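Below you'll find the structure, written out as structure tokens, and then a few comments.
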Amino acid sequence: MSNIEDIRKFYARLMAANAASPDPRLGEVFAEVPREAFLGPGPWTIIAGNGKVTTPSADPAHLYQNVLVVLDADKGINNGEPFLHAMWIGKLAPKPGEAVSHIGAGTGYYTALLARLVSPDGTVTAFELDGRLADLARKNLEAYGNATAVHGDAVTAPLPPSDIIYVNAGVVAPPAGWLEALRPGGRMIFPWRPAERVPLAVMVTRTEKGFACDPFMRSWFIPCFGASVAELAAKIPTRDEATRSRSIWLTSDKTPDRTATAIFSDVWFSSKGLDAAPRSRLRK
């Protein structure tokens, strides 16, 4: 049997190095939170390109690599690529005391990492639409007193006021309620997929002037139920237009103008950065 503590520590070093985060706690939480506790009994099914491989045993050492682990094969739900999540969490830079909303939490592994990073006084509310996965997340997170798993639809249900919104399902545009839930200085990362040809990860930061937007990498997640199909009147961006987006506006606050790279019913994206944009009437 392998020395799981050594393997977990090396895995954590890999995650921290890939994230290039200045926060040493990022590596620490990847070493502390046992991934196997969130994936059910092994052996486990690993996604390899377009195929799948079953681990040769239930030794958790097989999980401490940059691998996707199947949670629900029929629905295409997996535990997610650790390198990507380490990078995203590092980019969000969670701080102790912050409030996090995690949308598409699965069985709660990355929720637990976020909970550790905002401890001792911060909280994480994890939304999962799939009832079976939400039940598993609730049980898995019992050891994390500042994390709560909710079986619910984060698209239609109001989010709590949040310093961080961490979205793990693809949307054509973030619902207005998500932007409104961000506190001043709040950050949101979401997989933006306004069209099949445009899969991007976007970082949004709420500033005094509005919502700054940074499409920073290509990314693909399964669609977010209720927010993955654009209305017929929407302006769908090309890949170039999407990557040039620098701010997001609520249509109720500002009418789309010639800088619009994408327009939806409640929100629109602009190629103009906030330094050159007029102040928005941000909702409290």
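Numbers here are sequence positions counted from 1. A quick note: this is a predicted structure, and the numbers were derived from the prediction, not measured. Just the heavy atoms: all of them, side chains too, but no hydrogens, waters or symmetry mates, feed the values below.
- In this structure, the side chains of T45 and V53 stay at 4.5 Å or more apart for every pair of heavy atoms.
- At a threshold of 4.0 Å, the pair D130-K75 counts as salt-bridged, since one of the basic side-chain nitrogens sits closer than that to a carboxylate oxygen.
- What you find for P194 and I236 is that their closest heavy atoms are O-CG2, 3.6 Å.
- With respect to E28 and K9, no salt bridge is recorded, no charged nitrogen being found less than 4.0 Å from a carboxylate O.
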Checklist entry - For K95 and D121, what are the C-alpha separation, side-chain angles and deciding distance, and is it a salt bridge (Lys or Arg N to Asp or Glu O under 4.0 Å)? => result CA-CA 10 Å; K95 301 175 182 63; D121 300 318; over 6 Å; no

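- For the atom pair CD (E81) and CG (N79), the distance works out to 11.5 Å, reported to the nearest 0.5 Å.
- Using a 4.5 Å heavy-atom cutoff, the side chains of Y166 and L92 are in contact.
- Although no hydrogens or angles enter the test, the distance criterion places a donor-acceptor pair under 3.5 Å between the side chain of N140 and the main chain of T107.
- Here the side chains of L250 and D266 are not in contact, with every heavy-atom distance at 4.5 Å or above.
- Judged by distance alone, with hydrogens and angles left aside, the side-chain atoms of R206 form a donor-acceptor pair with the main-chain N or O of L182 at under 3.5 Å.
- Counting only distance, with no hydrogens or angles, the side chain of E128 and the backbone of L133 share no donor-acceptor pair below 3.5 Å.
- Between the side chain of R246 and the main chain of T243, a donor-acceptor pair closer than 3.5 Å is present.
- Of all heavy-atom pairs spanning P256 and I263, the tightest one is CB-CD1, 3.7 Å.
- For the pair T261 (side chain) and A242 (backbone), a donor-acceptor distance under 3.5 Å is absent.
- Rounded to the nearest 0.5 Å, atoms OG1 (T205) and CZ (R187) are 7.5 Å apart.
- Residues V70 and I47 form a side-chain contact, since some pair of their non-hydrogen atoms from C-beta on lies under 4.5 Å apart.
- For S247 and W249, the side-chain atoms include at least one donor-acceptor pair closer than 3.5 Å.
- Within the 3.5 Å criterion, the main-chain N or O of H62 finds no donor-acceptor partner in the side chain of T55.
- A pairwise comparison of heavy atoms in I248 and C213 identifies CG1-CB, 3.9 Å as the closest pair.
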Checklist entry - Would E98 and R183 satisfy salt bridge (Lys or Arg N to Asp or Glu O under 4.0 Å), going step by step from the backbone distance to the final call? => result CA-CA 10 Å; E98 291 193 313; R183 290 171 170 166; over 6 Å; no

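- Note that the NZ atom of K91 and the CD1 atom of I89 stand 14.0 Å from one another [nearest 0.5 Å].
- Annotation: side chain of L117 is in contact with side chain of R25 (closest heavy-atom distance under 4.5 Å).
- Residues F30 and L113 form a side-chain contact, since some pair of their non-hydrogen atoms from C-beta on lies under 4.5 Å apart.
- Closest heavy-atom contact between A86 and L26: O-CD2, 3.8 Å.
- Considering only heavy atoms from C-beta on, M87 stays 4.5 Å or farther from S219 through its side chain.
- Side chains of R35 and Y109: no donor on one and acceptor on the other come within 3.5 Å.
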Checklist entry - Would T54 and I46 count as a side-chain contact (heavy atoms from CB on, under 4.5 Å) if you check the C-alpha gap in whole Å, the side-chain angles of each, and the deciding distance to 0.1 Å? => result CA-CA 6 Å; T54 301; I46 306 296; over 6 Å; no

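- Using the six-membered ring where Trp is involved, H85 and Y110 have ring planes that are parallel, under 30° apart on the 30 and 60° scheme.
- The six-membered or imidazole ring of W192 lies near that of F269, with a centre-to-centre distance under 6.0 Å.
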Next on the checklist: What verdict does the side-chain contact (heavy atoms from CB on, under 4.5 Å) test give for L159 and I165, after you've listed the backbone C-alpha separation in whole Å, the side-chain angles of each residue and the deciding distance to 0.1 Å?
Outcome noted: CA-CA 9 Å; L159 296 188; I165 300 177; 3.8 Å; yes

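- Under the 4.0 Å criterion applied to side-chain N and carboxylate O atoms, K272 and D275 are not assigned as salt-bridge partners.
- For K139, the NZ atom is loosely surrounded, since the number of other residues' heavy atoms within 6.0 Å does not exceed 12.
- Under a hydrophobic clustering in which Ile, Leu, Val, Met, Phe, Trp and Tyr are joined whenever their side-chain heavy atoms come within less than 4.5 Å, directly or via other members, L84 and F216 fall into the same cluster.
- With no hydrogens or angles considered, no side-chain donor-acceptor pair links S101 and T125 at under 3.5 Å.
- Between K235 and E241 there is a salt bridge, since at least one side-chain N of the basic residue sits less than 4.0 Å from a carboxylate O of the acidic one.
- Contact record, G106 with A137: O-CB, 3.5 Å, taken as the closest heavy-atom pair.
- Checked by atom type, the side-chain pair D59/S57 shows no donor-acceptor distance below 3.5 Å.
- Within the 4.5 Å cutoff, the side chain of P191 has heavy atoms near those of the W88 side chain.
- One distance of note links CG of N146 with CZ of R116; it measures 8.0 Å at 0.5 Å rounding.
- R239 places a side-chain N or O within donor-acceptor distance of the main-chain N or O of R197, the cut-off being under 3.5 Å.
- Atom CZ of F211 is separated from atom CG of L179 by 5.0 Å, given to the nearest 0.5 angstrom.
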Next on the checklist: Under the criterion side-chain contact (heavy atoms from CB on, under 4.5 Å), I'd like the reasoning laid out for T251 against F264: C-alpha separation, chi angles, the key distance, then a yes or no.
Outcome noted: CA-CA 8 Å; T251 54; F264 304 93; over 6 Å; no

Item to check | Derivation and outcome, side-chain contact (heavy atoms from CB on, under 4.5 Å), residues Y64 and F10 | outcome: CA-CA 9 Å; Y64 289 97; F10 182 65; over 6 Å; no

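- Annotation for P199 and R193: closest pair CA-CG, 4.5 Å, computed over non-hydrogen atoms.
- The structure places CZ of F127 at 11.0 Å from OG1 of T111, a figure rounded to the nearest 0.5 Å.
- Without hydrogens or angle criteria, H151 side chain to L129 main chain gives a donor-acceptor distance under 3.5 Å.
- The existence of a salt bridge linking D135 and R132 is excluded, since no basic side-chain nitrogen approaches an acidic carboxylate oxygen closer than 4.0 Å.
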Next on the checklist: One pair to check against side-chain hydrogen bond (donor to acceptor under 3.5 Å, both in side chains): D257 and T259. What are the steps and the verdict?
Outcome noted: CA-CA 5 Å; D257 58 28; T259 69; 2.5 Å; yes

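- Between the side chain of W178 and the main chain of A154, a donor-acceptor pair closer than 3.5 Å is present.
- N66 places a side-chain N or O within donor-acceptor distance of the main-chain N or O of F83, the cut-off being under 3.5 Å.
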